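Since we're looking at a predicted model, the values are computed, not measured. Sequential numbering from 1 along the given sequence is applied to the chain's residues.
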Amino acid sequence: MVGDSPAPIDLHGHGTHVTGTMVGYDPETGTRTGVAPGARWIAVNAFSENGALDTDLLKAGEWLLAPRDEKGTPHPEMAPDIINNSWSSSSTLNDWFRSVVKAWEAAGITPVFAAGNDSEWTPVGPGSITNPANYPEAIAVGSTDTANRISWFSLRGPSPYGGSEIKPDLVAPGEAILSTLPNNEYGLSSGTSMAAPHVSGAIAILKQMQPNMPIDKLKEKLYAGLIPLSDSEYPSSPNDAYGRGILDLTGMVKSGSNGVGSLAGTVGYKAVDKKKPAASHEPLPYAYANAPLKLSVQASDDFAVSAVELHYQIDRAPAQTSTGTLFQGTFKSGSYSSELPLEQVRGKEMTYYWKITDYAGNSTKTVPVRLPLKEGLSVGYATDFETTPVGWYSTGRSSSWNWGKVMTPVLKVPSGTKAYATSIPDWRDSIDNYWSYNYNEESMLTMPPIQVKEGEAVFLNFKQTFGFPSWPVRGTDDWGQILVSEDMKNWHVVKTNEGHLETKWEAISVDLSSFSGKTVYVAYRFHSDSSGKNLGWYLDDVAVEAKPSGDVYQPSQSTTAFEPLGEASRVQGTHEKQVLIPLSAHIQIVENGRLLATDPTDGSFRMKLPADEYHLQAEAYGFKQKIQMARVTKDASTNVDIQLSPLEKGIVKGTVKNIESKKTIKGATVKLTEDAAVAPVKTGANGKYSLNPFIGTYTLEVSAPYFHTYRERIEIKGNSIHSIDIHLKPYIGTEGEISYDDGSAENVLLISGADEAAVKMSLKDGQEQALLTAGLFYIDPRWWNPGGENFQVDVYDATGPEGGPGKKLTESIPAKSDVVPGWVRVDLSPYSIYVPKEYFLVYSTQGPDPYVPTLGFDLSSQFSDRFWKLYKGEWLKVEGGSVIGPFAAGLDAANPMIRSVVSYENK
C-alpha cells in the first residue's frame, strides 16, 4: 500500500523481526527464532518512514481478506489464518478500524494486536491500552520481562468498552527478544510488538492441530492454557496488566488435545452464625417524581452479607423489589446501592425498606421510610450547594462527581465553601491528593427534572469553572458537555467545555424556553482519557429563573442518542443455611504451578483448564493449608468448594527494661517481623507488651530510641502463653553530620508524583554502623504556586544494582516543612534506624506539582557523584555533567541538599 518497490522490502527491520518471531527458521544453521517455524506467511506494507495513514491501514486490512495478484484479481482462498498487528493507535474508544477486525473474524481470521507501548501520547496508566487492541474482538497482547514481570512500557487495561472485557487478553515475552533482521542478520528488540508474534505463532500451532476450529473455541483453548500472573500492584487474576496470564505452549497444546472444561468454586471456612446482619442508611427528605432515583445502604455482618434488597411501593401500586449492588467495601462490611429508572418513579409517595440477608439466612429489615415525591423544579429554585443537594444524581463509568467542600487551595468558590465537582472523595478529604477526576471516566451528573410551564421563559443559570489538559500536554481528550433531554435517552448539546479557565468562574445561562409545556432533564457529561489530569469541572450557584444571568446558550436542534454507562456490578453469592464463610485465598494447581486468587469479596474462583485431574492447594492467612482433588471434564463445569480450618493462636508477652538501670522503658516498639498483619505495639509506662499471633516461628524485635535493637527467634504454640522479658542495652554515642553541599541553594530540584531523589551517605572512616538520628532537608515550600509543605523521608541500604538503593530500612516517614525556605530537621530517632557504612537518605513528595514543596539544589559546589533518582520505578544514578531530565530539565547534575545526622557509638 506504501512505496513503489517492485519487490518486498523492509525499511525499518521491525516487520522482519516480528515475522521471525512467528515463523523464523534457518535450515542451513538450524537456528530457530520462530514459535511456528513451519508456518507460511504473507504481509502487506502500510507504513512509511513517518508511520501510517488510517486510509492505508484500512486498505491493507481489506487486502488481507482477499489478497490481489499482479492483475488485481482477489484471492480470498489466499487469506491468512492469523493476522499479527504489531502496531497501535491512540488510547481511546475509537471504532475506526473495528469493521475490518469484525470482517476478519467473520472470515475465520484470528486478529492479534500488540497492546501498545509507553510514549509521550500514550503513557502507561489505567486504560492506556490502545485501539485496535482494545476492541472486544481483538486478542490484545502485553509484554513481560525475563522474570515474567510486566514490562514497564506495556500499556494497561481496563477496556474502554466496559462490562466483562479483559484487556490485555494475555501477555508474552517482549523484552530483549532475539529475532531476524534484514540482510541476514539477527538482533534484539523490545516492545509489545515483540510479544504479539509469540501469540500469533502459538495460534498457528493450534490451527495446525484443528484447522477448522472456530475463533471462539480457539480463544477458549488459548486462554485455558495460560499461566495466571499477578504482583503487588495487580494482586488478583485476571487483571489490567497481565490480563488472563502469560502464554504457555504446553498448556495450550494440552487444551487443544484434551479439550477444555470449567472449574469454579469457593474457598471458605465453616462457622456458626446466629447473629443478624446490621444495616444503616440516611433517608432523603424527599425525591423527585419522573426522575431516576438512587438509594444506598450500609450493610455489615460478622461473617458475610449474602443479599441486599430494596423493597418499595409507589402510592398504591404493587410492591416491587430491586437488588442492591455492592459499590464500596466488602461483603463483610460495605455500601450498596439500588438505582430505579425514571419510569418506575412516578407518583406522589414512595414507601421503602432495605432487607439484608447473611450467608446463614439471618436477615434484617430497616424501618420503613415514607418518601414524598415532588414535581420537577420550576422558576424560583436555587442552590449554592451549602446544604445537601436533593435529587442530584451521578452515574457512569468511574464517575468522580461528588458534592462537598472544595479543598484545592487554587480555587475559591463563588459562594460558601462547597460545590458539585468531578472530585474523588479521597481528594476532597485530603490536601495530599490534588488532581481530582479519574482516568477513562465517562460519567454524567443529572440534576432534578425541570418543569417548563406553557409560554413561560425559563433559564437554567449556574456558575462553572473547569481545567483540562491543553495541547501539547498529555490528556487533551478530556472534556465536558452540558446536555438537555426530554427522555434521558436523546440529548441536545448545549455547550462543550475544553481547555482551561485558569480557575476563573463563568456565568452560564441555558435557555429552556423552547421546551414549553414539557419536563426536561439537564445533565453534565464528563469524559477523560487515560493520560494527564488537571483541575476538573466545578459547578456552583445553580438557579432556575425567568431571566438569564450569564452568557446565553441554546440547546442544539439535533439530538444524540445515548444512555449513561453504568458501573460494572459485582456478583453476589446466594445465601445458604450451611454457612461457608468466604475467604481471600490463593489457589495453586500442583500439576502446573498455576496460581490464582479468589475474589476477596465472596471467596469465589473460576477458570478454564485443559480437561484432566488436578490437585488444588488452597491457603489463606490464618488458616491451615489444604490440598483438594478436582477433575475437569471437557465442555463441562466442575464445582469445588474448599473448606479451610483456622489456625490456633498463642500469646507472647513480657516487660521491656533498661539492662543497666533495670527500669521499665516506655515507648518501646515490639513487633514480629515475619507477620505485618500483627500490629506492632508500644510499651506503656510499666514497660509491658502483649501480642496474639497465629502459631508459627517468628522473630521478636524490640526497639526504642537510643537503645540497641533486640531480636530473638521464638515459636508460638496454640493456646499457649509465652512470657519473655526484654532487657535493652542503652546506645551512647557522639553525633556527627554528613553533608555533600555547601549550604547555598542556587536552584531547586523539582520532584513530584512517584519520583524520588536520594543522596548516598558514607560513614566516617573506621565506622561500619551508626544510629541515624535525623535528616536535614533544604525545602522551598513556595517555589511552585501554591506549593506545599508535605514531603516523605525513606532510608535504604546500598545493596541495590551498582551500589544503588536496595533494602528499605524503615517505613516511610511523613514530614512537613515551614512556610518559608530553609533547612528542615526531621527527627528520626524514634525509628531506631541503624545504618551501615553506606546508605541512602531519600526525599519524595508523593503528590503532583504544583502542590508540592521543592528541594534545594546546590549548583556552586563540586558534584559529589552521590545523586540517585527513582524514575518510573527504577533507581538511576545521575552521572557528572549529565542532564537531570524529569527532575530539573536543563540543569547539569548537582548536589541535592540532603544531609544526615548520625550517632557513632562510644566504645
Here the gap from L535 atom CG to H500 atom NE2, rounded to the nearest 0.5 Å, amounts to 5.5 Å
task = Evaluate the criterion side chain to side chain contact (heavy atoms under 4.5 Å, CB included) for residue pair D818 and E789; output intermediate values, then yes/no.
result = CA-CA 7 Å; D818 294 327; E789 293 91 45; over 6 Å; no
Looking at Y834 versus Y731, is the centre-to-centre ring distance below 6.0 Å? yes
Test item: side-chain donor near acceptor, [X] and [Y], under 3.5 Å:
| X | Y | value |
| --- | --- | --- |
| D858 | S860 | yes |
| T854 | R782 | no |
| D478 | S528 | no |

Charged N-O contact under 4.0 Å between [X] and [Y]:
| X | Y | answer |
| --- | --- | --- |
| D240 | K167 | no |
| D797 | K808 | no |
| K869 | D755 | no |
| K495 | E506 | yes |

Exercise. Give the intermediate values and the outcome of ring pair (Phe, Tyr, Trp, His ring centres under 6.0 Å) for residues F468 and F526.
Key: CA-CA 11 Å; F468 308 130; F526 178 65; 5.6 Å; yes
Check your understanding: Taking side chain as C-beta onward, heavy atoms only, is S844 less than 4.5 Å from F791?
Key -> no
### Query
So do the side chains of W401 and Y524 get within less than 4.5 Å of each other, counting heavy atoms only?
yes
Closest non-hydrogen contact found for S903 with T773 is CB-CG2, 4.0 Å
task: Assess whether atom NZ of K760 is packed by more than 12 heavy atoms of other residues, nucleotides or ligands within 6.0 Å.
output: yes
Given the rule in the ring pair (Phe, Tyr, Trp, His ring centres under 6.0 Å) test, do F385 and W392 qualify, once you have shown the distances and angles that lead to the verdict?
-> CA-CA 11 Å; F385 294 125; W392 289 71; 5.2 Å; yes
Given side-chain hydrogen bond (donor to acceptor under 3.5 Å, both in side chains), test S337 with K294 step by step and report yes or no.
CA-CA 7 Å; S337 68; K294 184 177 183 179; 4.9 Å; no
Which atom pairs, one a donor and one an acceptor, fall under 3.5 Å between side chains of residues 819-831 and the rest of the protein, sequence neighbours left out?
unit_1	atom_1	unit_2	atom_2	d
D827	OD1	S829	N	3.1
D827	OD1	S829	OG	2.7
D827	OD2	S829	OG	3.4

Please assess S415 against D384 for the test side chain to side chain contact (heavy atoms under 4.5 Å, CB included), listing each intermediate value before the final yes or no.
CA-CA 7 Å; S415 58; D384 58 5; 3.5 Å; yes
By salt bridge (charged side-chain N to carboxylate O under 4.0 Å, His left out), E282 pairs with (sequence neighbours left out) none
Residues at least two apart in sequence or cross-chain that pass salt bridge (charged side-chain N to carboxylate O under 4.0 Å, His left out) with D145, listed by chain then number, are R149
